[in-house]
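See below for the structure under consideration.
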2 protein chains.
Amino acid sequence: MESKNVRIKDIARLAGVSVGTVDRVIHNRGNVSPEALKKIMAVLNKTGYKPNLLARTLGSNKKFIIATLIPEPSLDEYWEQSNWGINEAREEWSHYNVDVRPYFFDLYDKNSFEKSAKMAMDDQPDAILSSPVFHQEALNFFQSFQNDSVPYVFFNNKIPEITPLCFIGQDFYQSGRLGAELLELISETPCTFVILHIYEDLHNSVHLAQKESGFMDYFSEMENKGIQTRSLEFCNHDEVTLEKDLLSLVSDPDIKGLFITTSKGTYLTASFLKKHNRQDIKLVGYDLLSGNIDHLKLGTIDFLIDQNPKKQAALGVNYLANYLIFKKGTPNEDLFPLEIITRQNLKTFLGSSIQSHLKSSAVLNNQSA
Amino acid sequence: MESKNVRIKDIARLAGVSVGTVDRVIHNRGNVSPEALKKIMAVLNKTGYKPNLLARTLGSNKKFIIATLIPEPSLDEYWEQSNWGINEAREEWSHYNVDVRPYFFDLYDKNSFEKSAKMAMDDQPDAILSSPVFHQEALNFFQSFQNDSVPYVFFNNKIPEITPLCFIGQDFYQSGRLGAELLELISETPCTFVILHIYEDLHNSVHLAQKESGFMDYFSEMENKGIQTRSLEFCNHDEVTLEKDLLSLVSDPDIKGLFITTSKGTYLTASFLKKHNRQDIKLVGYDLLSGNIDHLKLGTIDFLIDQNPKKQAALGVNYLANYLIFKKGTPNEDLFPLEIITRQNLKTFLGSSIQSHLKSSAVLNNQSA
DNA sequence: TTTAAAATTGTTTGCGCGCACATTTCAATT
DNA sequence: AATTGAAATGTGCGCGCAAACAATTTTAAA
């Protein structure tokens with residue numbers, strides 16, 4: 001019915017050379033005469049040779065080290081979920097030739113990033129997975145060893161100046177448009193919508209800016225239905241200041257909806273609205289943090305857009321591992337579908353995040369589904 | 001830093017026996033003395049031995065056949081997508097010891113199901129993946145070889161009387177609730193919502209009934225906001241009859257929203273609404289068929305719920321392949337997250353269905369992410 | 001020419017496992 | 001005590017490949 005898979009041995013026989021020479025050609029190791037090369041290439045093309053990845057991995061006992069560099073997960077639920085993803089992939093690959101070594105840094109301390117990055121490099125990793133939340137520091141760091149050709153993959157955050165092997169995350173612009181659409185769908189016009197960036201401090205906000213563009217464009221493109229938009233940044237706020245600022249914001253009776261661009265900001269705002277009994281204001285935010293889940297159930301939050309930090313991180317490791325071991329290419333970027341969470345589908349997302357759908361196998365197929 | 005992975009040889013050494021005996025214990029082949037068993041088990045547990053799946057697969061040259069049995073894809077866009085998933089998984093596994101053999105039957109001909117099923121069995125497959133759309137016929141068929149212990153996985157459809165190795169699909173009840181919620185979110189009350197089952201004929205509608213329960217329960221649970229519900233079945237309709245029935249339905253001015261439970265019914269209804277300029281009626285339906293995509297873009301359809309037929313099918317193959325080769329267990333059911341598609345996130349779903357997120361490797365990790 | 005160095009080619013080993021097969025143990029039967 | 005055979009245990013090969021290693025041929029310098 002189907003021909004047996006062609007092996008290196010078969011190639012060698014057909015080309016009239018030994019397996020060693022074939023191996024040299026396959027791996028571009030040089031020291032092959034032009035004639036031999038030509039013959040082997042011909043056979044290789046004719047037979048459509050595909051190496052047996054199982055055997056390849058088994059045979060080579062080279063160990064690969066993948067360093068991961070993300071914010072300390074114990075301090076932040078979002079990064080905790082990323083870390084789950086890393087650990088999951090780590091576990092998957094642990095039996096083979098891949099050693100995933102996690103490094104963490106303090107989300108509020110640029111120095112700690114540099115320190116952890118240095119420690120990671122001391123391990124001489126073969127690849128790096130990182131979420132470069134500190135723009136300038138990450139820029140310095142990753143540029144410094146670009147010539148070392150240590151491949152790296154970014155997730156969650158981009159650095160515009162640098163092109164990693166792959167970026168894994170969302171289409172932030174479209175994400176902003178989606179937030180706008182969701183608010184519009186559930187609100188009565190005319191009214192004012194506010195896009196609100198609530199973040200700790202210091203971290204680069206390229207992706208927040210993109211969300212904002214999307215949000216704004218959405219409304220400016222449509223025929224005027226009497227929707228006003230405002231943009232605000234609450235940065236470096238303590239809770240008291242945040243509450244004060246939010247109070248003054250929602251005192252505007254035209255405001256019917258808020259779009260919060262950060263996951264932590266989402267539940268902070270939800271708590272505020274709940275406390276002041278302003279559930280009339282619609283709220284769209286990000287991610288399945290426990291606080292967000294609670295407020296979604298309560299109805300304080302109307303929609304969540306899931307960034308799926310766990311899956312992002314796990315996929316990052318898988319891409320790199322496949323790249324190292326099987327020389328599989330990665331896409332330049334892998335932008336996840338924008339998943340909308342409501343009260344009624346929440347449960348189905350929680351269930352599957354435990355036993356999720358990256359089910360195929362990290363080692364052999366990198367390719368879609 | 002980390003101990004080298006423990007091998008069978010190490011187990012044997014630590015337990016003071018030979019690798020052969022360890023092998024017998026690992027595979028429950030019997031013929032092992034109680035003392036040896038005890039010692040080996042102890043070492044096995046202590047070391048947390050995990051077999052090297054690469055080596056295991058490489059060494060054994062047993063070929064497995066997985067038969068897939070679904071409706072003819074050329075006649076139906078939904079099943080075409082399922083078939084993509086099968087082919088993708090088939091390709092992934094083709095280099096190894098798994099041969100996926102697709103069989104098709106006519107969605108409108110029960111006899112053809114029985115015929116194809118028979119043909120599939122003649123191949124003596126080691127496992128079967130199917131979507132049992134014909135209730136009684138599938139029941140007969142799968143019961144007949146239950147004692148042969150050929151494992152089978154269902155996707156898309158369930159048969160209540162039979163428990164397959166795994167069911168892959170949606171939580172239909174919750175799916176109905178989600179449809180209800182989405183309609184409610186975008187409509188102004190008081191009004192009437194209609195849940196509409198439009199299907200060809202004959203196929204078992206257990207999952208449609210569950211969607212209906214969810215839909216109805218959602219509204220009956222909430223405090224009365226003046227929402228009426230109706231349920232209708234348009235079955236075995238030609239286009240003319242369908243149009244007539246729809247016309248009479250939407251002549252009721254209270255009707256502000258429709259929930260269509262089938263993918264094909266969704267674009268048929270959308271076309272109707274478009275043609276008669278009744279885009280004021282909200283429409284929630286199923287799946288990314290091209291007609292549905294068009295009408296979602298146009299705004300005739302407000303929300304689509306994606307059943308992800310491609311991913312369901314691919315995952316089904318992966319589960320079975322992993323089960324056969326690696327003896328990996330499967331969950332009893334794998335219910336996908338209920339994905340909501342709108343105009344603004346549509347693009348992100350289309351992009352990733354081409355190059356989707358079942359990225360890990362089908363062969364080695366079956367385990368989540 | 002002779003000879004060493006370089007370039008090219010061929011051979012072998014081992015990765016960890018499954019499985020076929022060989023070997024040993026030991027109790028039951030003669 | 002000798003024989004048998006089943007139960008228990010041990011050994012060795014091969015899966016396809018990478019890489020170390022060995023052998024051969026070619027080239028260039030003496």
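Just so you know, these numbers use all the heavy atoms, side chains as well, and skip hydrogens, waters and symmetry mates. Labels below follow one simple rule: chain letters A, B, ... track the order of the sequence lines, proteins then strands, and each chain is numbered from 1.
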Side chain to side chain contact (heavy atoms under 4.5 Å, CB included) with A/I26: which residues, sequence neighbours excluded?
A/I8, A/V22, A/L44, A/Y49, A/R56

Excluding sequence neighbours, so at least two apart, what forms salt bridge (Lys or Arg N to Asp or Glu O under 4.0 Å) with B/K46?
none

Mind checking if B/N31 touches a base, just sugar-phosphate, or nothing, with heavy atoms under 4.0 Å?
base

Rounded to the nearest angstrom, tell me the gap between atom CG in A/L37 and atom C1' in C/dT8.
13 Å

Using C1' atoms of five pairs at each end, report the bend of the helix from C/dT1-D/dA30 to C/dT30-D/dA1 rounded to 10 degrees.
60°

Protein-nucleotide distance (A/E35, atom CD; C/dA7, atom C1'), rounded to Å:
12 Å

Only counting residues at least two apart or in another chain, list the ones meeting side chain to side chain contact (heavy atoms under 4.5 Å, CB included) with A/E72.
A/S74, A/L75, A/F104

Quick one: sort the A/F142 and A/Y152 rings into parallel, tilted or perpendicular, breaks at 30° and 60°.
tilted

How close do B/Q312 and B/G169 get, heavy atom to heavy atom, and via which atoms?
NE2-CA, 3.5 Å

Run the salt bridge (Lys or Arg N to Asp or Glu O under 4.0 Å) test against B/D123 and tell me which residues pass, sequence neighbours left out.
B/R101

In chain order, what residues pass the side chain to side chain donor-acceptor pair (under 3.5 Å) check against A/N83, with sequence neighbours excluded?
none

Atom CG of A/N28 and atom P of D/dA19: how far apart are they, to the nearest Å?
13 Å

Is any side-chain nitrogen or oxygen of B/S33 closer than 4.0 Å to OP1 or OP2 of D/dT9?
yes

Pairs meeting criterion salt bridge (charged side-chain N to carboxylate O under 4.0 Å, His left out) with involvement of residues 14-33 of chain B, two or more places apart
B/D23-B/R29

Is B/R56 close enough to C/dG16 that one of its side-chain N or O atoms is under 4.0 Å from OP1 or OP2 there?
no

Please list, chain by chain and in numerical order, all residues satisfying side chain to side chain donor-acceptor pair (under 3.5 Å) with A/S131, sequence neighbours excluded.
A/N157

I need the residues from residues 10-26 of chain A with at least one non-hydrogen atom less than 4.0 Å from DNA chain C; give them sorted by number, or say none.
A/V17, A/S18, A/V19, A/G20, A/T21, A/R24

Is the distance from OP1 or OP2 of C/dT8 to the nearest side-chain N or O of A/R29 less than 4.0 Å?
no

Applying salt bridge (Lys or Arg N to Asp or Glu O under 4.0 Å), name anything that partners B/K9, two or more places apart in sequence or on another chain.
none

Where the side chain of B/R7 is concerned, which of C/dC17, D/dG16, C/dT9 is the nearest nucleotide?
C/dC17

What pairs with B/M119 under side chain to side chain contact (heavy atoms under 4.5 Å, CB included), at least two apart in sequence or on another chain?
B/Y103

note: B/N52, atom CG; C/dC15, atom C1'; distance rounded to Å ~ 8 Å

Rounded to whole Å, how long is the line connecting atom CD1 of B/I8 with atom C1' of D/dG12?
15 Å

Close approaches to DNA chain C from residues 43-50 of chain A, in residue order (heavy atom, under 4.0 Å)
none

